[in-house]
2 protein chains.
Amino acid sequence: MSQSHIDVSALASEACPVSEVLDHVSGKWSIGILVAAAQSPVRFTELERSIRGISRRMLTLKLRKLERDGLLVRTVHPVVPPKVEYTLTEMAQELHKSLLELTGWARRHGAAVAAAQAAYDHEHKG
Amino acid sequence: MSQSHIDVSALASEACPVSEVLDHVSGKWSIGILVAAAQSPVRFTELERSIRGISRRMLTLKLRKLERDGLLVRTVHPVVPPKVEYTLTEMAQELHKSLLELTGWARRHGAAVAAAQAAYDHEHKG
DNA sequence: CTGGATCCGCAGAGATACTG
DNA sequence: CAGTATCTCTGCGGATCCAG
């Protein structure tokens, strides 16, 4: 990874791992998973159903990634049938707040964005 | 009432503008560009230099996308050599605030994330 | 200076089948 | 229930050249 330390925070004149961390929420499902998992604890299948459209593979991969990043805690209950619960860590909950700001913005301006796109396309038609 | 199930399905659904908008900031460079362009107005080359690592092609593509979304305003000054400036729209500036929360979080927890990864890898060693 | 066009490699992401 | 293992396809993203 770290093919390039993108100095996204170049504006701050400081080099930090910001871009790397940001890259983790930059995936197609990362944000959705974190938001869905915010109602901790949540089980694997619940996540799979909540985030409709996600494949089992992707959910697993992203869950592992989030766990590795220290954002999720994976708890295995030794029962039958298997029961695994995912819980947001402290810092993940903090991140979640920022994420809610994002989704809130998207909710408020979704229509405006759509309109802008339509206008742009219209102006750009052949 | 107790919406124990957040409307994540709406997030993952293409019918809801939230996921679409979210998808736009989910790219590898989108966030960086928006943050860099926050100091409006900014010229093409300035952006290219600020966001080191980005290719000309990607910068152009993302800039077009952001413009289409109504987040950036592209102003062409009819002079030689060409001068083009990009400015954040009102709603983009609002979005930028949320983005700053994100980068702030990344800044604060970057080290912790790195540590978590190291721990995970160690525990997962071969 | 500010782009557009093209070629191409690689990681992301879907579908499916199998296992503890 | 909760994953893992392949296989494949798509599109992002990089490099390079060309143009207004």
Side-chain angles (χ1 to χ4, degrees), chain A residues 1-8 19-20 22-33 36-37 40-69 72-87 120 124 126, chain B residues 11-14 19-20 22-33 36-37 41-68 72-87 120 124 126:
Chain A
M1 304 195 186
S2 68
Q3 41 194 27
S4 56
H5 326 29
I6 304 120
D7 205 355
V8 173
S19 57
E20 303 220 354
L22 247 36
D23 236 33
H24 297 168
V25 295
S26 290
K28 182 178 181 181
W29 302 106
S30 304
I31 294 182
I33 291 180
S40 311
V42 67
R43 302 180 60 172
F44 186 88
T45 308
E46 291 181 312
L47 285 172
E48 193 177 10
R49 278 192 308 162
S50 296
I51 314 171
R52 277 171 207 189
I54 195 172
S55 64
R56 210 160 245 174
R57 180 183 124 90
M58 274 301 109
L59 181 55
T60 300
L61 285 180
K62 293 303 182 179
L63 247 23
R64 289 287 170 278
K65 187 176 186 179
L66 261 17
E67 185 193 358
R68 190 177 100 101
D69 288 346
L72 285 182
V73 173
R74 179 171 175 268
T75 308
V76 181
H77 299 273
V79 298
V80 276
K83 181 177 180 180
V84 179
E85 289 182 322
Y86 292 90
T87 309
Y120 184 94
H124 224 266
Chain B
L11 273 177
S13 163
E14 294 184 16
S19 58
E20 302 214 356
L22 247 37
D23 236 34
H24 297 167
V25 297
S26 290
K28 182 178 180 180
W29 303 106
S30 306
I31 294 182
I33 291 179
V42 178
R43 298 184 62 175
F44 187 88
T45 308
E46 290 181 313
L47 285 172
E48 192 177 10
R49 279 193 301 169
S50 295
I51 314 169
R52 285 190 198 179
I54 194 172
S55 65
R56 212 160 247 168
R57 180 181 121 90
M58 275 301 110
L59 181 56
T60 300
L61 286 180
K62 294 302 183 180
L63 247 22
R64 289 288 169 275
K65 188 177 187 178
L66 260 16
E67 185 193 359
R68 191 176 99 101
L72 284 182
V73 173
R74 179 170 175 266
T75 308
V76 181
H77 299 274
V79 299
V80 276
K83 180 178 180 181
V84 180
E85 288 182 323
Y86 293 89
T87 309
Y120 183 93
H124 219 270

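Just so we're clear, the structure is a prediction, and the values are computed from it rather than from any experiment. So you know, we letter chains A, B, ... as the sequences are listed, proteins then strands, and number each from 1.
Put simply, NE2 on His77(A) is 11 Å from P on dG3(D), counting in whole angstrom units. At whole-Å resolution of the value, CE in Met58(A) and P in dA5(D) are 14 Å apart. Atom P of nucleotide dG12(C) and atom CD1 of Ile54(A) are separated by 14 Å, given to the nearest angstrom. Rounded to an integer number of Å, the gap from CG of Leu66(B) to C1' of dG3(C) is 17 Å. A straight line from CG of Leu63(A) to C1' of dA13(C) spans 16 Å, rounded to a whole angstrom. Protein atom CD of Glu48(B) is 12 Å distant from nucleotide atom P of dA15(D), rounded to whole Å. The CZ-C1' distance, from Phe44(A) to dT4(D), rounds to 10 Å in whole Å.
Proximity of Arg64(A) to the phosphate of dG3(D): a side-chain N or O atom is located under 4.0 Å from OP1 or OP2. For the pair Arg74(B) and dG3(C), the criterion of a side-chain N or O lying under 4.0 Å from OP1 or OP2 is met. Put simply, Thr45(A) has a side-chain N or O that comes within less than 4.0 Å of OP1 or OP2 on dA2(D).
The main-chain N or O of Arg49(A) is found under 3.5 Å from a side-chain atom of Arg52(A) such that the two form a donor-acceptor pair.
A heavy-atom distance below 4.5 Å is found between the side chains of Phe44(B) and Leu63(B).
When distances are taken from the side chain of Lys62(A) to each of dG3(D), dA13(C), dG3(C), the shortest belongs to dA13(C). If you check dG3(C), dG14(D), dA2(D) against the side chain of Val84(A), the one that comes closest is dA2(D). The listed nucleotides are dG3(D), dA5(C), dA5(D); the one nearest the side chain of Arg57(A) is dA5(D).
Residues satisfying the salt bridge (Lys or Arg N to Asp or Glu O under 4.0 Å) criterion with Glu67(A), sequence neighbours excluded, are Arg64(A).
A side chain to side chain contact (heavy atoms under 4.5 Å, CB included) with Trp29(B) holds for exactly one of Leu59(B), Ile54(B), Leu61(B); it is Ile54(B). In summary, of the residues considered (Thr75(A), Val76(A), Thr45(A), Val42(A)), a side chain to side chain contact (heavy atoms under 4.5 Å, CB included) with Val84(A) occurs for Val76(A) alone.
Looking at heavy-atom distances under 4.0 Å, Thr60(A) makes contact with a base. Nucleic acid contact class of Pro82(A) (heavy atoms, under 4.0 Å, all strands): base. Note on Arg43(A): only backbone sugar-phosphate atoms sit closer than 4.0 angstrom, heavy atoms only; bases stay farther off.
Comparing Leu61(B) and Lys83(A) by the nucleotide of DNA chain D whose heavy atom lies nearest to each, the residue mapping closer to the 5' end is Lys83(A). Comparing Arg56(A) and Lys28(A) by the nucleotide of DNA chain C whose heavy atom lies nearest to each, the residue mapping closer to the 5' end is Lys28(A).
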